[in-house]
Amino acid sequence: MKRILLWYHSVKSSIFSLFVLFLAMVMVLFLFSNAIAEYRYEAIGYERFSAAFEGKGLFFTDVSSATTDGNYTIEDVEQRLEVIESLRQNPSVAEIYTETHVNAILEDDEDGYGVMVRCYSPAMLELFPELSRGQWFQEPVNSDGSINIIVCGSDYWDVPIGTEIKAEVSEKKVVFRVCGVLYSPEMIPMFGGYSSNMYLDMFYKEGPHFVISECEETMDLVLSDPSTAFSGTAYNNFLIEFEKNAREEDINSVMDSLKKLGGCQEMSDILDYSGMLLRKTFLSSMMTPLFLLGISFIAYFSISILSVQKRLYSYSVYYLLGYSKARMVWSTVCHIGIALIPAVLLNVWYTLSYRTWVMRGIMEIGKTDAELYFDSFSPWFAVGAAVFLFLITLVACLGVLRKKSPTDVWRRSKE
Amino acid sequence: MKNVYILWNRLKTHFEEHFLLVLLFLLGIFSSTLFYIYYYGDYVKPSSFITGLESVISQYKIVLSEPISASDDRIASLEEKGSVTVYSTELLSADNTDVILKSESEYEVQAKKGNDFGYTAIYGSVDLNQNVSSIIFSYSDIMMSNISLENLQAVESVEVSYGGVSLTVIGVHSMGLSGCVPYELFENGALSVDSLQVELPGHLSQNESADFVISLQNMFPESEVIDPYVYYGNYLKAEDEQKPMVLIKAMGLMLLAVFTFMFLAKYLFDMSLRENVVYRLVGAERADIVLLALGEILILAATSVLSAVFVHIFFYDSFFEKIRISSNQPYIASDYLIIASSSLLVCVIACIPFLISFWRKTVIQLKNDVE
């Protein structure tokens, strides 16, 4: 009780400076965790594609859809499916990443715009970020005929797993059953974007979407409307991954055959360019918070030393009355820590609840400037920084007390 | 002279008795200045237009008054300065206009030595080295419906006539507004040069650019030379107008960083409080004491600021350039001068609060503080 009282008096005497320190730490940790979240959001695509593509890859683009009116027939789709199927038969080709889509009108959808149902080849599911809740498809279609879906987008963040959603696709009644939810980060892979310098961000799109897995039943559903199934992205653009040991001439032969239909870009070029852009993102988002964090470490170290210096006379009196050196160090660490602990706790609370606040419309940070990606791992950055600062304080206290013993200070003060 | 002596003795005492605290103060201002230099170099000084589109601001287009041959010596001399692209505008036609062209019209093509434009094909091939009589169209031709991609895909080989030269369409590229042909068509005289563009390896400053434009105009009299700084002047002017605000923001951040270390300076100043009371008692003015304190801080801050500037200059190539976003716009002497002087100004501003608090106190109050 006596020690708590001493600590309370010590804190009370420097409440203003501790409050300023608390505000500074809140700001620095907030900037730091936001910068990490921004970088991690940008890096998701790169991490996923780098992990998925072990061998060489090709991105095929057919821009003819840009100049047509989008009136595709089932024959157009079937022709493209034949091309994809023949590529799948090629022994040098390991995987074809495809996606197609169809519009579904939900039964309880008042505005009637519907939602895009995207059908992915199984390989393409590797390119998704981790699900926020639920699990990936055990089976594309359940025994009762309902289609398993992953719902993506902030609109669906609180949809319970197992929810059945009734909808109409090309005048056909279907039942979707939610098996997973993806809202943080709110992004799914797709091949709609095109540029002469493709980068991986162009392969991702924000919600809302329903994701279904490719099988005979789901393909029938999607191809029931060839105009949407083929337009924009679907089968117009796709990714080919070659076997690791594929020969250069086999790859060139595939590329030559595809060049008669559209353009090809090598995945290695896309990954290199994306890596360069990611490095720029790192520099632009991380450097300022890192500098500020570095400066705050030095400031914290200085404050700790000064704090011990200032209390040394009082400590020397306590020491003569039976206070140990370890308690002196502990008192100083607690004195400084009172500013740090609430700042870290506030940051942990912020990183863990950010997505919920955004979903509830309480916060819109990151919605306009850059998307932020917080997960259960995010609070550890602030906790790590706090542990480091505690160690700094400890080192500073021990350093000062090693140099000036309490008895010396007492004797000197008497001289 | 007396004040200088006192100042010198005070600093000496601080170094001897509070070495660690002085060192931390120096380190704090040093790291804050390094951060300020970084921020200034990436957010205040550079033009984001030049950072993002350096190749665009390095391009000088010359619209010739009359066509010249590709073997002209002036083109050869320009090739020593940078990469030259030549342009020609002729009538493009096809035997069967329904297949490929919507209408017969004038069309611009470009060519450069080595035939490497760095373009990607969105259809067919962009390799002009395989066939000297080939042409590739641009994506914009398809977008503007001048050329039908569907028909290109439908037929095996498409022949067009360009300025009387028969060419085979081998593909569609993704960039630019012009089609591309092999440079050999210009070299062998089949096509002549209407206009040309030289792209320098790096961008010039505005003044250097104006000089370069004059040299190009002397080289090609009566031709129109387009200075990129004039052509994109509006973008650059808009950026310049924002710069004072960005500099104030940078100084604000520096002030915040420096302020974090001012309590150390205050502590050192408090250590001299007993001395200051004696000075006041023997007749020193308040202003003299305040100037002494300011002098102490300025000397320590100047040491740190200048060290940071020298460290930045010394390790720029090996480290600091690598962590910059706008590394294509290096620091110049005047930048370092602005950084050093504004850093010192910020340090002075940061210590104003505790100088004021000293100014307000009477001799008796100061004496009580000491006791």
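Residue numbers start from 1 in every chain, and the chains themselves are labelled A, B, ... in the order their sequence lines are given, proteins ahead of strands.
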Practice prompt. Examine whether an atom of B:F35 lies under 4.5 Å from a heavy atom of chain A, and if so say whether it belongs to the side chain, the backbone or both; otherwise answer neither.
Written response: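 When you check distances to chain A, atoms from both the backbone and side chain of B:F35 fall under 4.5 Å.
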Fill in: Under 4.5 Å from a heavy atom of chain A, the part of B:L21 involved
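Side chain of B:L21 only, per the 4.5 Å heavy-atom cut-off to chain A.
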Worksheet item: From A:I298 CD1 over to B:L24 CG, what is the distance, rounded to the nearest 0.5 angstrom?
Response: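 Interatomic distance, A:I298 CD1 to B:L24 CG, rounded to 0.5 Å: 8.0 Å.
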Practice prompt. With rounding to the nearest 0.5 Å, note down the distance linking CG in A:L306 to NZ in B:K266.
Written response: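 Nearest 0.5 Å value for the CG-NZ distance: 10.0 Å.
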Practice prompt. With chain B as the partner chain, list the residues of residues 271-283 of chain A whose heavy atoms fall under 4.5 Å from it, by residue number, and write 'none' if nothing qualifies.
Written response: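 A:R279, A:L283 fall under the 4.5 Å cut-off.
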Worksheet item: Among residues 284-297 of chain A, which ones touch chain B with a heavy-atom distance under 4.5 Å?
Response: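 Near chain B, by residue number: A:S284, A:M287, A:T288, A:F291, A:L292, A:I295.
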Worksheet entry | CZ/A:F59: more than 12 non-hydrogen atoms of other groups inside 6.0 Å |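 Count over threshold, so yes.
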Discussion item. Counting only heavy atoms from other residues, nucleotides and ligands, does the tally under 6.0 Å from NZ of B:K243 exceed 12?
Written reply: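 Enclosed.
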Which pairs would a plain distance check flag for residues 25-34 of chain B, meaning a side-chain donor or acceptor within less than 3.5 Å of a matching protein atom at least two apart in sequence or in another chain?
residue : atom : partner : partner atom : Å
B:S31   : OG   : B:L27   : O            : 2.9
B:S31   : OG   : B:G28   : O            : 3.0
B:S32   : OG   : B:G28   : O            : 2.7
B:T33   : OG1  : B:I29   : O            : 2.6

Worksheet item: Which answer fits A:A24, side chain, backbone, both or neither, if we ask what part of it has an atom under 4.5 Å from a heavy atom of chain B?
Response: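 Neither the backbone nor the side chain of A:A24 comes within 4.5 Å of chain B.
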Worksheet entry | Part of A:M255 lying under 4.5 Å from any heavy atom of chain B |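 Neither; nothing under 4.5 Å.
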Item to complete: Would you mind telling me which of B:Y43, B:Y39, B:Y119 has the largest number of heavy-atom pairs within less than 4.5 Å of chain A?
Response: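 That would be B:Y43.
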Worksheet item: Listed by chain and number, what are the ring pair (Phe, Tyr, Trp, His ring centres under 6.0 Å) partners of B:F269, not counting sequence neighbours?
Response: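 Checked B:F269 against ring pair (Phe, Tyr, Trp, His ring centres under 6.0 Å); matches are B:F354, B:F358.
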Worksheet entry | For the student: nearest non-hydrogen atoms of B:F263 and A:A299, plus distance |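 Looking at all heavy atoms of both residues, the closest pair is CZ-O, 4.0 Å.
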